[in-house]
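Just so you know, these numbers come straight off a predicted model, no measurement behind them.
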2 protein chains.
Amino acid sequence: METKPIKILVIEDDDDINELLCKIVLNSGYIPQPCFSGTEAKLYLEKEEWDLILLDLMLPGLTGEELLREVNEKSNSPVIIISALEEQQKKIEILRAGADDYITKPFDLEEVSARIDSHLRRYKRLATPKQTSELKYKDISINTESKEVTVNGRVLSLTAREYAILALLISSPQKIFTRTNLFESIWSEDYLGDENTVNVHMSNLRSKLSRANPDKEYIQTIWGMGYRLKN
Amino acid sequence: METKPIKILVIEDDDDINELLCKIVLNSGYIPQPCFSGTEAKLYLEKEEWDLILLDLMLPGLTGEELLREVNEKSNSPVIIISALEEQQKKIEILRAGADDYITKPFDLEEVSARIDSHLRRYKRLATPKQTSELKYKDISINTESKEVTVNGRVLSLTAREYAILALLISSPQKIFTRTNLFESIWSEDYLGDENTVNVHMSNLRSKLSRANPDKEYIQTIWGMGYRLKN
DNA sequence: TGTTTTCTTAAACATTTCTTTAAGGACTCT
DNA sequence: AGAGTCCTTAAAGAAATGTTTAAGAAAACA
C-alpha cells in the first residue's frame with residue numbers, strides 16, 4: 001500500500017531555528033515546509049492540508065496565537081508550539097486554546113522528533129477506520145456488523161437462531177457445545193430438558209451449509225455430548 | 001443532548017500523588033478511578049473502556065511500560081505518563097513506545113489539567129466523524145446541509161423522522177440496524193420495547209422510496225434482526 | 001387561534017420462524 | 001445380532017415478527 005508523504009509546516013521567524021526544525025523533520029522521515037511569518041503561514045494553510053504544524057508564538061505578521069485559532073477553525077491538523085516563553089501561565093493558556101503540545105526553547109532534538117511521532121501516531125490511529133469484526137472458519141465467513149454469512153463464496157440466508165448457533169460455534173472452534181450450552185447461550189433461558197428444539201435448528205443449519213458446499217461437512221455430532229465444528 | 005461522563009484511570013502507587021491526581025481530574029470535570037498497582041490497573045482495563053489514562057512508570061505488579069504496551073494493543077485510549085524519571089533518554093523512549101505525553105514530577109497542577117484537556121479535545125475531534133456534505137447509495141443522494149433527498153433523479157419529500165432513518169442507514173450501508181439501534185440513535189431515548197413506532201416510519205419511508213422508483217427495493221428486512229440497505 | 005402536518009398508537013392482516021410431534025436412521029452396549 | 005438410546009429430518013401447528021392503514025394526539029406553522 002502506497003503511503004502519502006507526511007508534510008509538516010514549520011512556522012518560525014528565526015532562520016537558524018527554522019533550519020534546525022526542518023532538519024529534525026527531515027531526519028524523522030517527513031517533508032518540511034519552512035515558513036517565516038504569520039502571514040506567509042496563512043497562505044500555506046489555505047493552499048493545502050498539513051499533517052502537522054510546528055508553530056512559534058512570536059512571529060512577524062500574524063501572531064502564533066492568531067494562527068493557532070485559524071488552524072483549529074479550518075483543519076484538524078495537530079499543532080505543536082515551539083516557544084521561548086518559559087512562563088507557565090502562557091503554556092497552560094495555549095494548551096487550553098487548542099495546542100496539542102508545547103515545547104520550550106532550547107529544545108532537545110530527539111524529544112521534538114519523538115513528540116512529532118507521538119502526535120502523528122495518535123492522529124493516524126484515530127483517523128484509521130475501525131476494522132469490522134469478522135469470524136472465519138474454513139470457507140465460512142461471518143461479518144458481525146452486517147450479519148452476513150458466506151460459505152464457499154455464496155451468501156447464506158440464515159434465520160436469527162441459525163445465525164446465532166453458527167456464530168457461537170465459530171467463536172470457539174474446538175469446543176464441544178452441549179445442547180444445554182447452546183440453549184442457555186442463545187435462548188438465554190434455563191434449559192428445561194426438551195432437546196429437540198436445538199436439534200431441529202441444528203438440522204436446518206446443516207441443511208443450509210450443505211446446500212452451499214455439498215463437499216464439506218462443517219458440524220460434527222459428538223454422541224452423547226453435543227456438537228462441535230469438524231476439524 | 002446528554003453527554004457521557006469522561007472517565008480517567010489514574011494509575012499511581014504513591015497514595016498522596018494518586019489522591020492529588022484524582023483531585024485534578026475531578027476539578028477538571030471528569031471522573032477519576034484511582035488504582036495503585038499494575039496488576040490492579042489490568043483488571044480495570046479489562047473491565048471497561050477509559051477516556052484517558054494517567055500512568056506512573058514505577059509500579060508494583062506490572063510495570064508502567066508493560067501496561068503502556070497492553071493499553072496500546074487493546075484500546076485507543078490516550079496515555080499520559082507521569083514520571084519521576086528526569087532522564088531525557090527514557091522520556092524519548094516512552095514517547096516512541098506509544099505514550100501520548102510525558103510529564104515529569106514534580107508537576108504543575110494546571111499544566112496536568114491543561115494537557116488532559118488537550119488530549120481529550122484531540123481525541124474527541126478525531127473521533128467525531130467529519131460531516132460529509134453528501135451521502136450517496138445507489139440512486140439515492142442526500143445533501144446533508146439542505147436535507148434534500150433525491151432518488152432516481154426525483155426529489156423526495158420526507159418528514160424529519162424519515163430523513164433521519166434514511167441518513168442513518170446510508171451512513172453505514174452494510175450494517176444491520178436493529179429497531180433498538182434506530183430508536184436510540186434517532187429518538188435519543190432508551191428503547192421501551194414498543195416496536196411499532198419504528199415500523200410505521202419505516203413503512204412510510206419505504207412507500208415514498210417505492211413511489212420514486214418502483215423498480216427497486218432499497219431497504220431489506222432481516223427477520224428477527226433488523227433492517228439493512230439492500231445490496 | 002385555527003389549520004396543516006407529523007408522529008404515535010392501535011388494529012387487521014401477512015409472513016417468517018420457531019416449537020412440537022413423529023417417523024426413521026444411526027450409534028452404543030450387551 | 002438385537003435392544004435401547006440418541007440423533008436427524010420432515011411436517012404441522014403455534015408463536016413471533018413484520019407491514020400497512022387509519023385514527024387520534026401532538027407539534028408545527030400561518
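Ion pair B:Arg69/B:Glu65 not flagged as a salt bridge, since none of the NZ, NE, NH1 or NH2 atoms sits closer than 4.0 Å to an Asp/Glu carboxylate oxygen.
Computed from coordinates, the A:Met202 CE to D:dC6 P distance equals 18 Å when rounded to whole Å. Rounded to a whole Å, the CD atom of B:Gln220 is 12 Å from the P atom of C:dT16. Rounded to whole Å, the distance from CD1 on A:Ile222 to C1' on C:dT28 is 15 Å. The nearest whole Å value for the distance from the CD1 atom in B:Ile186 to the P atom in C:dC7 is 11 Å. If you take CE of B:Met225 and P of D:dA16, they are 18 Å apart, rounded to a whole angstrom. In this structure, CG of A:Leu205 is placed 11 Å from P of C:dC18, rounded to the nearest angstrom. Between the NE2 atom of A:His201 and the C1' atom of D:dT9 there is a distance of 14 Å, rounded to whole Å. At whole-Å resolution of the value, CG in B:Leu158 and P in C:dC7 are 10 Å apart.
Among the nucleotides C:dC7, D:dT9, D:dA22, the one closest to any side-chain atom of B:Val200 is D:dA22. Set against D:dT8, C:dC7, C:dT9, the side chain of B:Arg161 has C:dC7 as its closest nucleotide. Set against D:dT8, C:dC18, C:dT8, the side chain of A:Asn196 has D:dT8 as its closest nucleotide.
Remark: A:Ser203 is in phosphate contact with D:dT9, judged by side-chain N or O atoms under 4.0 Å from OP1 or OP2. In terms of phosphate contacts, A:Thr159 brings no side-chain nitrogen or oxygen within less than 4.0 Å of OP1 or OP2 of C:dT16. OP1 or OP2 of C:dT9 has at least one side-chain nitrogen or oxygen of B:Thr197 nearer than 4.0 Å. Between A:Arg179 and D:dC6 there is no side-chain N or O to OP1 or OP2 distance below 4.0 Å. For A:Trp187 and C:dT19, the shortest distance from a side-chain N or O to OP1 or OP2 is below 4.0 Å. The phosphate of D:dT8 has OP1 or OP2 within less than 4.0 Å of a side-chain N or O from A:Thr221. Phosphate proximity of D:dT17 to B:Tyr227: absent, as no side-chain N or O sits under 4.0 Å from OP1 or OP2.
Figure legend: cation-pi geometry between B:Lys42 and B:Tyr44 absent, as NZ or CZ is not positioned both under 6.0 Å from the six-membered ring centre and within 45° of its axis.
Nucleic acid contact class of A:Tyr163 (heavy atoms, under 4.0 Å, all strands): none.
For the side chain to side chain contact (heavy atoms under 4.5 Å, CB included) test with B:Tyr30, the passing option among B:Leu52, B:Asp51, B:Leu120 is B:Leu120; the others fail.
No side-chain N or O of B:Thr150 forms a donor-acceptor pair with one of B:Arg154 less than 3.5 Å apart. There is no side-chain donor-acceptor pair under 3.5 Å between B:Arg115 and A:Tyr102. A donor-acceptor contact closer than 3.5 angstrom links the side chains of B:Glu111 and A:Gln88.
Toward the 5′ end of DNA chain C lies the nearest nucleotide of B:Asn204, the other residue of the pair B:Gly224 and B:Asn204 mapping further downstream. Closest-nucleotide positions on DNA chain C for B:Trp223 and B:Lys208 were compared, and the one nearer the 5' end corresponds to B:Lys208.
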